[in-house]
Amino acid sequence: MRAVAHNKVALAFGALFVAIVVLCLLAPVYARDIAHTGPNDNHITETVNVGGKRVDVVSPIGVPIGPTWKERFLLGADSNGRDVAVRLLYGGRNSLEIAAIATLITMVLAIVLGTLAGYMRGITDGVLSRVFDLVWAYPAVLLGVALGVALAVGGLDLGVFTLHSGSLLLPAFVIGIVFFPYVAKPLRGHALSLREREFVDAARIMGYPPPLGSVRIMVSEILPNLTSSIVVFVPLIVANAILLEAGLSYLGAGVQAPNPSWGTMIADGIRLIPGAIHLVLVPGIMLMLTVLSVNVFADGVRDALDPKAIVRGRL
Amino acid sequence: MKEGRQVHRTLRAVMGMSLALALTVGLNACGSSSTSSKSGGTVTVLMGTAPDSLDPGLGATTQSYEATWITYTGLLTYAHTSGEAGTKLIPGLAERLPTVSANGKTYTFTLRKGLHYSNGASVKASDFAYTIQRAIKLGWGNKSFLTENIVGGEEFDKGKASSISGIQTDDATGSITIKLVAPYGPFLNVLAFPAAGLVPSGTSMKSLTNSPPPGVGPYEIASVVPNKSFSLVRNPHFSSSTIPGVPAGHVDVNVKIASNNQSEAEQVLGNTADVFDHNDTIPPTLLSQVESQASGRFAKEPTVSGEYFFLNTKSKPFNNPLVREAVNYAIDRRALQRLDSGMLDPGCYFLPVGMPGHPTSSCPYGEPNSETTAANATKAKELVRRSGLAGTAVTVWGQSRSPHKEFVDYYASVLNEIGLKATEKIVADAQYYATIGNLSTNPQTGWLSFSQDFPNPIDFYQLLDAKSILPTENHNPSQVNDPHIQSEIASLGPVPSSQLSSVVSRWQALDQYTAQKAYMVVFGYDEVPKFFSNRINFSAAIFHPVYGNDWSSLQLK
């Protein structure tokens with residue numbers, strides 16, 4: 001962590017990401033105390049005071065007002081007369097929440113299955129690796145869209161486990177499934193090499209008999225040595241999950257209306273380009289800043305944890 | 001000598017052609033208005049959605065009808081005129097309007113003499129029977145108008161008969177007799193559908209959408225590239241004297257499918273295409289530009305169609321009249337007008353403006369265009385509270401297409417505001433009607449639009465007829481089964497379209513009753529853009545009340 005602390009650029013972008021997260025978490029406060037409107041409250045036929053003049057929030061031909069730079073409609077309104085700033089923060093909450101849960105699902109699946117495949121080898125490895133290949137072989141976005149669209153209307157009902165169609169967990173689940181092989185395969189490779197190391201042999205000799213012994217070795221010997229890889233993967237998956245969520249929501253397969261997300265906000269605004277370009281620019285810039293900040297911070301973490309990256313940096 | 005005879009023959013031919021031209025010009029001058037017409041050239045028409053089929057026996061969408069009504073003329077057709085006059089039925093391939101028996105169940109037509117299809121073949125009376133059989137066999141989307149009304153139609157459809165017993169024809173005399181199961185008021189309008197436009201006997205009983213069959217009309221369809229383009233070229237066997245009232249067409253028409261509204265509008269604004277699809281919406285941000293830069297070639301045309309949210313009267317919370325009333329009070333129809341780029345005339349009655357029977361009285365839920373009475377959220381909240389159904393979960397169904405999704409966003413927010421707990425289910429356009437039309441889905445509420453198949457109010461009231469509640473393709477998603485509506489439909493349905501004026505007050509009373517019962521939330525009637533390039537003679541172009549842009553009236557400046 002000391003190495004990360006020395007990387008000022010990574011730290012600055014890490015701080016930016018934290019700031020975005022905090023802002024998004026404060027969405028209800030902003031909505032209640034500053035904008036005085038909720039994320040789904042419409043004000044289509046209302047007017048707002050701009051520069052001493054009453055201006056339609058949405059014009060008679062449907063063009064919404066741009067940024068007022070005031071408490072109400074700070075970043076403008078959308079076609080339904082909803083406050084873009086409020087929706088931006090709530091949308092960010094949704095996007096970040098989905099990204100966090102999706103990353104959790106990806107990492108748990110990848111760590112368990114990747115370690116199991118790498119350590120156990122044989123049939124277990126054969127079966128699990130084919131599963132990884134199967135999911136990997138399908139383009140991530142297409143798989144996400146296919147799953148998202150299929151589940152968007154009916155939800156997911158596995159008997160003991162049910163997700164309603166409007167639930168934020170649904171896109172999180174879809175993204176988590178889509179990305180896990182991208183982490184599981186490298187972890188499997190890493191586990192495969194670790195199981196041949198002396199300290200693992202020593203653990204076996206010291207009396208960890210299979211099959212329970214194998215679990216103990218994986219948990220106490222293999223997993224700790226995978227930590228640096230896992231730490232590097234987490235921000236990368238977060239960034240990709242945010243992007244995929246935006247893509248899925250843009251295509252109608254992610255967050256369901258009227259809930260905002262940066263992807264749905266871009267989708268809603270695209271038909272109003274160029275007259276109300278703020279509808280696309282505002283969530284687009286926020287999305288870009290968030291992903292950029294995570295990626296640069298992730299690079300810093302990787303540079304700190306990966307000796308080869310440090311060498312590359314010195315070159 | 002040989003050369004001299006040839007010259008003489010040529011001179012005679014030139015003189016003959018000149019005489020014919022003079023006569024044609026003279027006849028045109030007598031029959032048309034003072035607007036000078038110019039023939040020749042090709043125009044490019046943009047279409048946002050491809051027709052479902054260009055085979056008249058299959059096509060059932062407005063995009064299909066726009067092309068086929070000038071390609072396949074039936075025994076009757078509509079006058080090629082804008083406004084209400086365009087809803088008048090005129091004889092098409094029939095010599096005159098039919099004689100109808102006293103019990104209203106037998107219609108007798110006589111075919112015009114000397115008619116030819118676009119391939120030159122002669123038209124026979126028996127082709128009519130074949131055409132109707134073909135539309136039923138192919139599964140035309142509105143075939144129930146034929147099978148339910150014509151004697152023997154059901155049996156033929158089910159394969160129990162090889163022909164339709166209720167249709168008798170005589171090729172020698174050109175006589176066509178149609179027997180109905182029961183009097184049906186708009187039956188003549190049914191015969192004006194392009195699906196009843198004659199095709200030659202022996203035409204394949206399979207879909208010919210990529211190579212449409214010959215027909216009788218100003219145009220023939222050619223060069224079909226599925227989902228991309230097709231052309232309408234002038235029919236060499238048709239002239240303006242073939243069928244009085246049906247013009248021969250001035251230009252050839254190239255139709256291009258352009259699914260992006262923005263690009264479509266930009267092309268017409270920039271004069272790289274000629275006709276904007278009236279079924280599409282001009283994006284709001286371009287609309288002001290169109291209004292300012294193309295004011296002479298843009299107009300808002302009212303249509304006999306509208307938009308509403310259905311309310312499932314069999315499910316909570318909309319089985320409670322108080323909640324249905326509450327929603328009608330809460331909706332601000334002016335807001336929905338803005339979401340539709342201003343192309344909506346706010347209203348609350350089911351029968352649209354322009355349809356006989358549209359009530360002239362004020363709306364029971366407040367004047368929709370007034371700022372003070374357009375919406376009453378306070379009263380709506382009170383009604384929901386009184387119903388005891390506050391907090392009931394409601395799923396609002398909608399289409400992903402703009403502005404339909406925006407309508408649903410607004411509607412869901414209003415439902416939440418008045419104390420219900422609304423969430424949305426947005427479905428891809430292609431699956432939407434099949435999804436909500438499936439009774440097992442049992443949708444609580446959602447967006448729908450309605451437009452006339454023909455200018456008779458019974459067409460709209462089929463959507464509130466208990467008989468239309470079907471397991472699939474349910475046409476009555478509010479699941480209304482009201483004895484008063486049923487009895488009025490039974491009584492008013494048989495009144496012929498030509499005699500609607502005698503029952504207008506009864507239709508008005510019925511529509512007021514429907515509005516008071518709040519079986520749905522009607523929020524307005526569509527206006528559509530008539531928007532052309534500056535190459536087109538805008539004032540001469542007809543916007544038809546049933547079929548939209550009348551391509552046979554297009555002419556270059």
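First the proteins, then the strands, lettered A, B, ... as listed; each starts at 1.
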- Message: Can you tell me if B/Glu291 has over 12 outside heavy atoms packed within less than 6.0 Å of its CD?
- Response: yes

- Message: Surrounding NZ of B/Lys300 (heavy atoms of other residues, nucleotides or ligands, distance under 6.0 Å), is the total greater than 12?
- Response: yes

- Decide if atom CD of B/Glu367 counts as having more than 12 heavy atoms of other residues, nucleotides or ligands within a radius under 6.0 Å. yes

- Under 4.5 Å, counting heavy-atom pairs only, tell me which of B/Gly398, B/Ala335, B/Ser400 racks up the most with chain A. B/Ala335

- Task: Report yes if some heavy atom in the side chain of A/Ile44 is under 4.5 Å from a heavy atom in the side chain of B/Leu339; otherwise report no.
- Result: yes

- A/Ala267, A/Ala276, A/Pro258: which one forms the most heavy-atom pairs within less than 4.5 Å of chain B? A/Pro258

- Message: side chain to side chain contact (heavy atoms under 4.5 Å, CB included), that's the test. Do A/Arg271 and B/Thr281 meet it? Break it down for me.
- Response: CA-CA 11 Å; A/Arg271 78 185 178 100; B/Thr281 313; 5.8 Å; no

- Given B/Thr285, which of A/Leu272, A/Ile61, A/Ile273 fulfils the side-chain contact (heavy atoms from CB on, under 4.5 Å) condition? A/Leu272

- Query: Under 4.5 Å between any side-chain heavy atoms of A/Gln256 and B/Thr423, yes or no?
  - Reply: no

- With only heavy atoms counted, which part of B/Glu406 is less than 4.5 Å from chain A, the side chain, the backbone, both or neither? both

- Should we say atom NZ of B/Lys314 is surrounded by more than 12 heavy atoms from elsewhere, each under 6.0 Å from it? yes

- Under 4.5 Å from a heavy atom of chain A, the part of B/Asp332 involved: side chain

- Query: Looking at A/Ser59, A/Gly81, A/Pro64, which one has more heavy-atom pairs under 4.5 Å with chain B than the rest?
  - Reply: A/Ser59

- Note on the structure: One option among B/Lys405, B/Glu417, B/Gln337 has the most heavy-atom pairs under 4.5 Å with chain A, and it is B/Lys405

- Task: Would you kindly say whether A/Asn40 and B/Ser413 are connected by a side-chain donor-acceptor distance under 3.5 Å?
- Result: no

- Task: Please indicate whether B/Asn227 has more than 12 foreign heavy atoms, meaning atoms of other residues, nucleotides or ligands, lying under 6.0 Å from its CG.
- Result: no

- Item | Closest heavy-atom pair and its distance - B/Arg338, A/Val58 | NH1-O, 2.6 Å

- Is the number of heavy atoms from other residues, nucleotides or ligands under 6.0 Å of A/Lys70 NZ greater than 12? yes

- First locate atom OH of B/Tyr410, then atom CG of A/Asn42, and finally report the distance between them rounded to the nearest 0.5 Å. 5.5 Å

